[in-house]
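Here's the structure, in structure tokens; my notes come after.
Here the structure is a predicted model, which is why all the values come from computation and not from measurement. Quick note: residue numbers are just sequence positions, from 1.
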Amino acid sequence: MDEFSFIQSIQQSYYRQPTLRKGVGDDAAIIRPSGEDIVIAKDMLVEHVHFIKSAMKPYHIGYKALAANLSDIAAMGATPAYYLVAISISNDWSNEELAEIYNGMKSLADRYKVDLIGGDTVSGTELVISITVIGYANRNISRLRSAAKEGDVVFVTGTLGDSQAGLHILQNAGTYKEEEYFKRRHQLPSPRVEFSLGLQQINRVALNDISDGIASEAHELAESSKVGMVLIEDKIPVHPAYAQFDSNLQYNWKLFGGEDFELLGTVSRSDWELVKQRAQQLSLRLTEIGYITNEKDAGKVFLQQENGKIIQLEKKGYNHLSR
């Protein structure tokens, strides 16, 4: 299939977003904003760095590539509207596999009514997928990392360490409890868009998506807000079947493992009940895992261990430039 046939094969037959004036088919798309803030996120997945064929089917690769971007949009309190895909394709990938990659994206895009409005295709030595997502946010409610304040509740959605546990299962043959659950959490993550949008009645919430591990994301919040943060280890939520893994793996996965795509956040104690109510409406697990300290500890994150001892937590997690 040549490039133009490929573009025609992935082009949408209709668009759902009313602000779109022109989608795929010209040199660029045209959007007419409706007065809200425009929120833009971009992420990239590289073969042998973010995924390998033995652990991810083509459908999963496409799904996860878009999910990573939607998670960033959720962390900003925005509604996703459009996405663009640039893809570098090696000779190792068939037309059928490429179609499945786009089917994975489309399944998630359909769920959130996100329109594909452009991109680019080139040949290369490995598969690289670069996605840009554009969304809209109310001008008064963007969820910046710099919004945390002393006394805030620190919370997290879902359970942590699941994605790394799933990858471990995919790469290490054996018998595991809840095997399909953990594999699904690695291959088909759930961006918390609905939860984030349900917090619009709250004026101040700081959010960060957990893509590189909670220790790394917690430091980003603390540094941006110029506050300290204490995480309580035995409150960090994990799946009941998580205990089957080696204790050192459990510790590292839940604190430093990436790609859970849950949301880490802070909110005032007075608004905490509203956050819990939203999670209950979605049947989403939500856990209070710590608190914000004052500017004396600016940029520092501490871990209260299960024995009560408080240690300073390393700013460690997945870092693409540390290899």
Side-chain angles (χ1 to χ4, degrees), residues 68 71-72 74-76 143-165 167-168 185 192 204-239 242-243 245-272 275-276 285-323:
S71 185
D72 285 331
M76 300 302 292
R143 304 313 191 185
L144 304 181
R145 296 171 181 171
S146 57
K149 292 186 178 181
E150 182 180 357
D152 276 3
V153 171
V154 178
F155 64 85
V156 70
T157 61
T159 51
L160 301 187
D162 291 348
S163 178
Q164 291 302 305
L167 179 60
H168 177 84
R185 286 279 284 160
R192 302 305 184 185
R204 184 180 60 81
V205 180
L207 291 176
N208 206 7
D209 96 302
I210 303 176
S211 56
D212 299 324
I214 193 173
S216 177
E217 319 300 352
H219 275 91
E220 289 179 347
L221 275 171
E223 290 165 359
S224 294
S225 295
K226 297 179 174 58
V227 295
M229 182 184 297
V230 176
L231 303 178
I232 302 170
E233 184 178 357
D234 61 5
K235 288 190 175 183
I236 294 174
V238 295
H239 188 274
Y242 192 68
F245 301 103
D246 176 84
S247 59
N248 288 328
L249 293 178
Q250 290 183 52
Y251 180 84
N252 284 313
W253 290 344
K254 72 181 180 182
L255 290 173
F256 310 114
E259 299 191 331
D260 283 315
F261 297 113
E262 296 293 347
L263 291 178
L264 170 69
T266 81
V267 69
S268 67
R269 176 63 64 179
S270 61
D271 284 329
W272 173 229
V275 179
K276 290 195 293 184
R285 183 168 179 174
L286 182 75
T287 309
E288 179 180 349
I289 61 168
Y291 54 92
I292 296 297
T293 63
N294 57 38
E295 61 185 16
K296 175 176 63 70
D297 298 322
K300 296 179 181 178
V301 177
F302 301 92
L303 182 69
Q304 181 178 314
Q305 297 176 311
E306 294 177 2
N307 60 10
K309 182 180 178 181
I310 296 179
I311 63 170
Q312 189 167 341
L313 192 60
E314 291 181 82
K315 186 180 181 180
K316 189 172 72 172
Y318 189 81
N319 186 321
H320 294 84
L321 301 182
S322 65
R323 294 181 291 118

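Contact between Glu306 and Glu233 at its shortest, heavy atoms only, is N-OE1, 3.7 Å. Shortest non-hydrogen contact noted between Gly258 and Gln164 is O-NE2, 3.3 Å. Taking both residues in full, the closest heavy atoms of Ser225 and Ser146 are given as OG-C, 3.1 Å, listed atom of the first, atom of the second, then distance. In plain terms, the two heavy atoms of Gly158 and Pro237 that are nearest each other are O-CG, 3.2 Å. What you find for Tyr242 and Gly161 is that their closest heavy atoms are CE1-O, 3.7 Å. Contact between Leu221 and Ala206 at its shortest, heavy atoms only, is CD2-CB, 3.8 Å.
A donor-acceptor pair is defined here as one N or O able to donate and one able to accept, closer than 3.5 Å; no such pair exists between the side chain of Ser224 and the backbone of Arg145. For Asp246 (side chain) and Leu249 (main-chain N/O), a donor-acceptor pair under 3.5 Å exists by modelled atom type.
For the atom pair CD (Glu288) and CD1 (Ile232), the distance works out to 7.0 Å, reported to the nearest 0.5 Å. Residue Glu295 holds its CD atom at 10.5 Å from NZ of Lys226, rounded to the nearest 0.5 Å. Distance check: Leu160 CG to Leu264 CG gives 8.5 Å after rounding to the nearest 0.5 Å. Within the model, atoms CG of Leu231 and OH of Tyr291 stand 10.0 Å from one another, a figure rounded to the nearest 0.5 Å. Of the inter-residue distances, the one linking Met229 atom CE with Ile292 atom CD1 reads 4.0 Å to the nearest 0.5 angstrom.
Not counting sequence neighbours, the partners of Arg185 by the salt bridge (charged side-chain N to carboxylate O under 4.0 Å, His left out) test are Asp162, Glu262. The salt bridge (charged side-chain N to carboxylate O under 4.0 Å, His left out) test applied to Lys276 returns Glu273, not counting sequence neighbours. Looking at residues two or more places apart in sequence or on another chain, you find a salt bridge (charged side-chain N to carboxylate O under 4.0 Å, His left out) between Arg204 and Asp152. Under the ring pair (Phe, Tyr, Trp, His ring centres under 6.0 Å) criterion, Phe155 pairs with Trp272, sequence neighbours left out.
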Yes or no on side chain to side chain contact (heavy atoms under 4.5 Å, CB included) for Val227 and Thr266, after CA distance, side-chain angles and deciding distance?
CA-CA 12 Å; Val227 295; Thr266 81; over 6 Å; no
Between His239 and Arg285, does the side chain to side chain contact (heavy atoms under 4.5 Å, CB included) criterion hold? Intermediate values first, please.
CA-CA 11 Å; His239 188 274; Arg285 183 168 179 174; over 6 Å; no
What verdict does the side chain to side chain contact (heavy atoms under 4.5 Å, CB included) test give for Thr293 and Val230, after you've listed the backbone C-alpha separation in whole Å, the side-chain angles of each residue and the deciding distance to 0.1 Å?
CA-CA 7 Å; Thr293 63; Val230 176; 3.9 Å; yes
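Here the side chains of Leu207 and Met76 are not in contact, with every heavy-atom distance at 4.5 Å or above.
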Cut-off 3.5 Å, no hydrogens considered: what does the side-chain donor-acceptor table look like for residues 307-315, sequence neighbours left out?
unit_1 : atom_1 : unit_2 : atom_2 : d
Asn307 : OD1    : Lys309 : N      : 2.9
Lys315 : NZ     : Glu223 : OE1    : 3.1
Lys315 : NZ     : Glu223 : OE2    : 3.3

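Listed by first and then second residue, the side-chain hydrogen bond (donor to acceptor under 3.5 Å, both in side chains) pairs involving residues 247-259 are Lys64-Glu259 (not counting sequence neighbours).
The side-chain contact (heavy atoms from CB on, under 4.5 Å) test with Ile214 is passed by exactly one of Asn208, Ile289, Asp260, Val154: Ile289.
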